[in-house]
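Before any comments, here is the structure.
Keep in mind that this is a model prediction, so the values were computed, not measured.
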Amino acid sequence: MATGTEPHLNSGGVRSGTRAAITAPHLRTDRWWLAPAVTAAGLLAFVVYSTWRAFADTDYYAAPYVSPFYSPCLAERCETMRSGPNWEIFGGWWGISPAILILIFPLGFRLTCYYYRKAYYRGFWASPPACAVAEPHKKYTGETRFPLILQNIHRYFFYAAIVVAGILTYDTVLSFRNEHYEWGHMGLGTLVFLVNITLIWAYTLSCHSCRHIVGGQLKHFSKHPVRYKAWQWVGKLNARHMLLAWASLVSVALADFYVYLVASGAFDDPRFF
């Protein structure tokens, strides 16, 4: 074993003279790099796609469907959506895509999410790249300095995410209309929206902040049986937080892409009834 006075074989990363003097950078023999590489590729694909769609400012509404990237639409220049989420809070001075006004909230929620932090820290920054694999950085400060200290506002983004999920639920209800805004109809897009909102709510409620808000401050569960049951339920969702994070990320992109196909005329929405 190395002592504090012995030269270390590799001073990079978080290694120090008090750690074992191992020649190899790590002792893992499996394909440890595969998981962070796939994670980085998946996140990068979503970033590229969502950036394109957010700035496209077109093909985001095809009655009765509105893209989740553009809901609610807060600019005066938004397409008219009958009974839809048109709230002209921003006047005619807003000149770029209205998606930029709303996406900051769901994206902020995901960026500060505990799982996504782990995902992009490992995938893009190699901090660390994998368990038992030292990171290549010379020092480690965690989330104690700017800008990463801003990760602590995750709970406030959670509150905003609840509001956004409620609005997307409203959009899903409106999807039970046809293109003439008549109720009692269901298309393939309705099914896409139902799957998407289910996964969004499951991911949102599986959040660590939600679990803490529900039961994290209780000292005696026996005195709060309702909150205890809710805490147990959220805990079960929390155990699948990673799966729900990816599933909802894919579903929201697919929901937007479906609306894009219908709005651009590339695809006709099949009707079940």
Side-chain angles (χ1 to χ4, degrees), residues 41-90 92 94-107 110 161 163-204 243-273:
L43 292 177
L44 183 61
F46 179 81
V47 168
V48 172
Y49 174 80
S50 61
T51 300
W52 165 58
R53 287 294 294 141
F55 283 95
D57 193 17
T58 186
D59 297 327
Y60 58 84
Y61 181 67
Y65 309 123
V66 55
S67 164
F69 287 2
Y70 287 80
S71 181
C73 211
L74 305 179
E76 187 177 291
R77 61 196 301 276
C78 293
E79 293 188 26
T80 301
M81 309 174 196
R82 184 174 174 181
S83 300
N86 284 91
W87 303 332
E88 299 176 359
I89 298 176
F90 290 77
W94 185 262
I96 61 176
S97 173
I100 308 302
L101 295 171
I102 192 62
L103 280 180
I104 182 61
F105 299 106
L107 289 180
R110 288 183 184 266
V163 175
V164 172
I167 294 170
L168 295 183
T169 301
Y170 176 69
D171 294 341
T172 302
V173 173
L174 294 181
S175 71
F176 283 91
R177 304 178 301 176
N178 62 15
E179 63 274 13
H180 304 296
Y181 305 102
E182 299 170 337
W183 287 97
H185 299 271
M186 180 178 180
L188 178 59
T190 309
L191 184 60
V192 171
F193 273 46
L194 282 171
V195 172
N196 179 54
I197 195 57
T198 299
L199 290 174
I200 285 180
W201 272 115
Y203 165 65
T204 304
L243 176 62
L244 293 172
W246 279 105
S248 61
L249 192 72
V250 172
S251 72
V252 73
L254 288 178
D256 170 81
F257 187 63
Y258 187 87
V259 174
Y260 165 74
L261 291 177
V262 176
S264 63
F267 181 76
D268 292 328
D269 180 46
R271 291 289 170 173
F272 299 135
F273 53 85

### Query
Do R53 side-chain atoms and T58 backbone N/O form a donor-acceptor pair below 3.5 Å?
yes
### Heavy atoms from other residues, nucleotides or ligands near CZ of F176 exceed 12 (cutoff 6.0 Å)
yes
### Heavy-atom pair of closest approach, residues A161 and T204
CB-CG2, 4.3 Å
### Candidate list D171, D256, N86, test side-chain hydrogen bond (donor to acceptor under 3.5 Å, both in side chains), partner S71, passing option
D171
### Query
Just by distance, do the side chain of S175 and the backbone of T172 share a donor-acceptor pair under 3.5 Å?
yes
### Summary
Distance col, row L249:CG vs I200:CD1, nearest 0.5 angstrom, shows 10.0 Å
### Task
Locate the shortest heavy-atom distance separating L174 from G84; write the atom from each residue and the value.
CD1-CA, 3.8 Å
### Query
Which heavy-atom pair separates A63 from Y181 by the least distance, and what is that distance?
CB-OH, 3.7 Å
### Message
Quick check on Y260: does its OH atom have over 12 non-hydrogen neighbours (other residues, nucleotides or ligands) under 6.0 Å away?
### Response
no
### Task
Quick one: do Y70 and L101 satisfy side chain to side chain contact (heavy atoms under 4.5 Å, CB included)? Show the steps, please.
CA-CA 9 Å; Y70 287 80; L101 295 171; over 6 Å; no
### Task
Check whether any side-chain N or O of W94 sits under 3.5 Å from a backbone N or O of S97 as a donor-acceptor pair, and report yes or no.
yes
### Query
Do F69 and Y60 have ring centroids that are under 6.0 Å from one another?
no
## Note on the structure
In this structure, CG of L74 is separated from CD1 of I102 (nearest 0.5 Å) by 5.0 Å
### Task
List the steps, then state whether side chain to side chain contact (heavy atoms under 4.5 Å, CB included) holds for T169 with W201.
CA-CA 9 Å; T169 301; W201 272 115; 2.7 Å; yes
### Task
Evaluate the side chain to side chain contact (heavy atoms under 4.5 Å, CB included) criterion for residues F193 and V259: first the C-alpha distance (whole Å), next the side-chain angles of each, then the deciding distance (0.1 Å), finally the verdict.
CA-CA 10 Å; F193 273 46; V259 174; 3.8 Å; yes
### Query
Does the side chain of Y258 pick up a donor-acceptor pair with the side chain of D269 at under 3.5 Å?
yes
#### Entry: Heavy-atom pair of closest approach, residues A245 and R110
O-NH1, 3.3 Å
### Query
For I197 and A165, which heavy atoms make the closest approach, and how far apart are they?
CD1-O, 3.5 Å
### Task
Answer yes or no: are there more than 12 heavy-atom neighbours, outside F257 itself, under 6.0 Å from its atom CZ?
no
### Task
Supply the atom-to-atom distance D268 CG to L261 CG, rounded to the nearest 0.5 angstrom.
11.0 Å
### Query
Quick one: OH on Y65 to CD on E179, what's the gap to the nearest 0.5 Å?
9.0 Å
### Message
When you compare the side chain of L43 with that of W246, does any pair of heavy atoms fall below 4.5 Å?
### Response
yes
### Query
What pair of heavy atoms forms the shortest contact from F272 to G187, and how long is it?
CE1-O, 3.7 Å
## Note on the structure
side chain to side chain donor-acceptor pair (under 3.5 Å) pairs touching residues 75-85, sequence neighbours excluded, are D57-R77
### Query
Between atom CG of L103 and atom CZ of F105, what is the distance when rounded to the nearest 0.5 Å?
10.5 Å
